[in-house]
Student: 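Quick one: structure below, then a few questions.
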Amino acid sequence: MKLSFHGADRDVTGSCHRIQVAGRQLLVDCGMFQGGRELDAENSEPFGFDAARIDTVLLTHAHLDHCGRLPLLVKAGFRGEIICTAPTAELARIVLLDSARIAEEDAARASRRRGGADVVKPLYTRDDVQATLERIGRVVSYNEQLSLAEGLTVSFHDAGHILGSASVLLQVEEEGRTRRLLMSGDIGNRGRPILRDPAPPQADIVVMETTYGDRPHRSVQASVDELIEAVDATLKRHGNVVIPSFALERTQEILYYLREATENGRLPRSLPVFLDSPMAVSTVEVYRRHPEFFDENAREMVNGGSDPFSMPGLRMTREHDDSIGINRIQGGAVIIAGSGMCTGGRVRHHLRHNLPFERSAIVFVGFAARGTTARRIIDGARYVNLFGSDVPVRAQIHTINGLSAHADQAELLRWHAAAGGRERTILVHGEESAMEAFARLLPDVPVSMPEPGSELTL
Ligand SMILES: [Zn+2]
């Protein structure tokens with residue numbers, strides 16, 4: 001068995017692992033390189049392997065840094081099967097189409113600057129995405145075993161990270177014994193709403209992410225309290241609350257917490273909440289179609305006829321005109337819009353209309369990379385440039401850190417103890433210092449930290 005690591009360098013994300021086993025070539029994920037800096041050049045580079053010779057892609061989840069280069073793989077000749085869970089298939093469609101739309105718009109703008117149509121080609125187009133979605137073959141449930149070849153099976157296991165996210169277990173028959181290789185994908189936290197806890201199976205060899213291998217998270221309850229208190233205080237000042245949020249997962253979690261607070265009396269029952277993001281609205285619809293992937297609490301709500309993401313004052317705005325209408329609201333509303341780092345999307349309009357007022361609040365609920373508008377506001381900028389003019393920052397700024405979809409050090413350790421990985425544990429997807437700190441916590445296990453671009457024979 002040979003493993004090759006084609007993922008991103010340590011300071012950016014982008015997951016792609018190739019496994020040569022039982023005469024087959026498999027990819028686990030084919031992610032786009034993402035980070036604070038411009039990575040178009042890296043993303044358009046060749047893969048370092050022959051895409052036409054890949055038989056199967058096992059897709060762990062629908063985040064762009066795990067599925068974003070699939071259209072390039074298809075363009076490069078991949079004609080095999082993509083296997084994933086049903087929510088991953090539906091969410092990947094939304095995520096990839098959005099990625100293609102942004103790439104097409106960026107290319108058109110760059111072409112105009114250079115004075116001609118189509119001078120700059122997009123990384124991929126919506127047509128490329130359609131061709132990619134056609135490669136999705138078997139759609140799996142958790143724990144279901146599928147055959148990939150003689151003596152080679154795969155099963156997907158709940159990773160608790162986003163809806164439908166999975167760790168992937170390969171079982172290989174070799175010389176009369178079975179070896180089990182587990183690829184973690186991104187690992188979530190226990191005790192989060194909607195999602196079930198991560199449930200890794202036992203394996204001999206474990207390849208795992210270590211994004212937060214060196215630190216703990218703030219407790220979720222403290223973070224939720226901070227969110228609700230920030231909303232409550234802003235309403236009392238008659239301001240608006242703007243929450244820049246990623247469309248996938250974080251937005252659904254925020255809706256869940258706001259609904260809960262309107263039901264238990266911490267916030268007004270009829271609180272006006274605007275979900276102003278077509279992509280987030282589509283994502284909520286995917287969630288609603290798959291309650292079988294929810295945890296027990298959320299499933300009981302659905303069975304009892306309630307919707308975990310709905311409250312009386314919620315308005316979902318897909319259309320541009322409805323979005324502009326929100327700009328007329330002077331105070332008393334919660335506005336959730338993308339992009340999470342304020343680098344694009346409708347949230348920039350809401351920032352322009354709310355940043356100048358002390359009564360309003362901007363509540364950041366996720367990571368903001370260096371160089372982004374979100375980061376500048378968090379770091380205390382007095383003005384930010386929006387649509388070509390300097391907008392003063394007078395609103396209250398809140399940064400809520402405990403809502404990460406990634407497991408912290410203690411949760412990663414617990415996950416590893418359940419998975420085993422005693423023949424070998426391979427750490428990926430983290431900064432050097434996080435990996436090394438985590439490796440020191442596994443003194444009895446052989447640990448590898450392969451460089452991107454390297455290979456391991458096992
Ligand atoms: Zn992820």
Side-chain angles (χ1 to χ4, degrees), residues 13 34 61-67 87-88 91-92 94-95 98-99 159-165 186-195 211-212 217-228 230-231 241-261 273-288 293-295 298 308-311 314 316 334-347 350-351 361-369 372-375 377-378 398-408 411:
T13 69
Q34 287 189 295
H61 67 289
H63 274 149
L64 200 60
D65 62 334
H66 289 258
C67 71
T88 297
L91 294 171
I94 296 171
V95 166
D98 185 66
S99 170
H161 170 63
I162 65 171
L163 196 75
S165 68
D186 284 352
I187 302 167
N189 288 296
R190 286 176 310 134
R192 300 304 282 270
I194 311 152
L195 302 176
T211 311
Y212 292 104
H217 288 325
R218 193 154 177 250
S219 92
V220 172
Q221 193 51 52
S223 305
V224 175
D225 288 345
E226 203 181 335
L227 168 73
I228 303 306
V231 173
V241 180
V242 177
I243 306 179
S245 183
F246 298 97
L248 182 48
E249 186 62 28
R250 192 61 43 86
T251 291
Q252 290 72 37
E253 201 178 341
I254 299 293
L255 284 179
Y256 185 98
Y257 294 134
L258 291 175
R259 177 200 49 79
E260 204 174 46
V273 176
F274 294 91
L275 181 57
D276 190 27
S277 157
M279 192 176 163
V281 173
S282 301
T283 303
V284 169
E285 285 163 0
V286 174
Y287 272 64
R288 284 176 175 157
F293 280 78
F294 291 0
D295 69 1
F309 311 108
S310 236
M311 56 208 112
L314 177 66
M316 301 206 188
V334 176
I335 303 158
I336 307 170
S339 70
M341 299 197 204
C342 311
T343 46
R346 294 180 177 180
V347 77
H350 301 305
L351 289 177
I362 318 297
V363 180
F364 292 98
V365 292
F367 175 72
T372 59
T373 304
R375 183 62 175 263
I377 297 172
I378 291 168
H398 300 265
T399 313
I400 295 180
N401 284 321
L403 298 178
S404 173
H406 283 271
D408 68 359
E411 293 292 322

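As the structure is a prediction and not an experimental result, all values here were calculated from the model. The figures here come from the full heavy-atom set of this structure, side chains too, leaving out hydrogens, waters and symmetry mates.
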Student: Minimum heavy-atom separation for Ser310 and Arg288, please, with both atom names.
Tutor: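 Where Ser310 meets Arg288 most closely, the heavy atoms are OG-NH2, 3.6 Å.
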Student: Using side chain to side chain contact (heavy atoms under 4.5 Å, CB included) as the criterion, list what pairs up with Phe246, not counting sequence neighbours.
Tutor: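 Checked Phe246 against side chain to side chain contact (heavy atoms under 4.5 Å, CB included); matches are Met341.
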Student: Would you say Ile336 and Asp276 make side-chain contact, with heavy atoms under 4.5 Å?
Tutor: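 Ile336 does not reach Asp276 side chain to side chain.
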Student: Apply side-chain contact (heavy atoms from CB on, under 4.5 Å) to Val241 and Ile335, showing your working.
Tutor: CA-CA 6 Å; Val241 180; Ile335 303 158; over 6 Å; no
Student: Rounded to the nearest 0.5 Å, how far does CD of Gln252 lie from CG of Leu163?
Tutor: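 Output value for this atom pair is 8.5 Å.
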Student: Hey, does Asp225 have a side-chain heavy atom less than 4.5 Å from the side chain of Gln221?
Tutor: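 The answer is yes; the side chains approach within 4.5 Å.
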Student: Report the C-alpha separation of Phe364 and Cys342 in whole Å, then their side-chain angles, then the decisive distance to 0.1 Å, and conclude whether the side-chain contact (heavy atoms from CB on, under 4.5 Å) test is met.
Tutor: CA-CA 10 Å; Phe364 292 98; Cys342 311; 3.9 Å; yes
Student: List the residues meeting ring pair (Phe, Tyr, Trp, His ring centres under 6.0 Å) with Phe274, not counting sequence neighbours, and say none if there are none.
Tutor: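 Per chain and number, Phe274 pairs via ring pair (Phe, Tyr, Trp, His ring centres under 6.0 Å) with no residue.
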Student: Could you pull out all residues at least two apart from His350 that satisfy ring pair (Phe, Tyr, Trp, His ring centres under 6.0 Å)?
Tutor: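 Here no residue qualifies.
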Student: Provide the closest heavy-atom pair for Ile243 versus Ile254 in the form atom of the first, atom of the second, distance.
Tutor: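 Looking at all heavy atoms of both residues, the closest pair is CD1-CG2, 4.0 Å.
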Student: I'd like to know whether the aromatic ring centres of Phe309 and Tyr256 sit less than 6.0 Å apart in this structure.
Tutor: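 No: the rings miss the under 6.0 Å criterion.
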Student: Could you check whether any side-chain heavy atom of Met279 comes within less than 4.5 Å of a side-chain heavy atom of Val95, counting everything from C-beta outward?
Tutor: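 In contact.
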Student: Are side-chain heavy atoms of Val334 and Val242 found at a separation under 4.5 Å?
Tutor: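 Side-chain contact under 4.5 Å: no.
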Student: Is any side-chain heavy atom of Pro308 less than 4.5 Å from a side-chain heavy atom of Phe294?
Tutor: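 Heavy-atom side-chain distance check passes, below 4.5 Å.
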Student: Sequence neighbours left out, what passes side chain to side chain contact (heavy atoms under 4.5 Å, CB included) with Ala230? Give chain and number order.
Tutor: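 Val363, His398.
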Student: Indicate whether any N or O donor in one side chain lies under 3.5 Å from an N or O acceptor in the other, for Thr251 and Ser245.
Tutor: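 Side chains of Thr251 and Ser245: pair found under 3.5 Å.
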Student: Heavy atoms, side chains only, cut-off 4.5 Å: are Leu91 and Thr283 in contact?
Tutor: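 Of all side-chain heavy-atom pairs linking Thr283 with Leu91, at least one is under 4.5 Å.
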Student: On a heavy-atom basis, which atom in Gly164 and which in Thr88 lie closest, and how many Å separate them?
Tutor: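 What the structure gives for the nearest pair is O-OG1, 3.1 Å.
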Student: Taking Glu253's backbone N and O only, do any of them form a donor-acceptor pair with Arg192's side chain (distance below 3.5 Å, no angle check)?
Tutor: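 Answer holds: no.
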Student: Restricting to non-hydrogen atoms, name the atom on Ala369 and the atom on Arg375 that form the minimum distance, rounded to 0.1 Å.
Tutor: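 So the minimum-distance heavy-atom pair works out to O-CB, 3.2 Å.
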Student: What are the two closest heavy atoms between Val365 and Pro244, and how far apart are they?
Tutor: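 In this case the closest contact between Val365 and Pro244 is CG2-O, 3.9 Å.
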Student: With sequence neighbours left out, what residues match Glu411 under side chain to side chain contact (heavy atoms under 4.5 Å, CB included)?
Tutor: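 Partners of Glu411 under the side chain to side chain contact (heavy atoms under 4.5 Å, CB included) test: Asn189, Arg190, Ala407, Asp408, Arg414.
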Student: Between Tyr287 and Pro87, is there a side-chain heavy-atom distance shorter than 4.5 Å?
Tutor: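 No, their side chains stay 4.5 Å or more apart.
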Student: Suppose we screen for ring pair (Phe, Tyr, Trp, His ring centres under 6.0 Å). Which residues come up paired with His217, at least two apart in sequence or across chains?
Tutor: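 Expected list: Tyr212.
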Student: Where do Cys67 and Ala92 come nearest, in terms of heavy atoms and distance?
Tutor: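 In terms of heavy atoms, the two residues are closest at SG-CB, 4.4 Å.
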Student: Looking at side-chain heavy atoms only, is the closest gap between Arg218 and Leu403 below 4.5 Å?
Tutor: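 No - every pair of side-chain heavy atoms lies 4.5 Å or more apart.
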Student: With under 30° as parallel and over 60° as perpendicular, where do the rings of His161 and His63 fit, or are they tilted in between?
Tutor: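 Geometry flag for His63 against His161: perpendicular rings.
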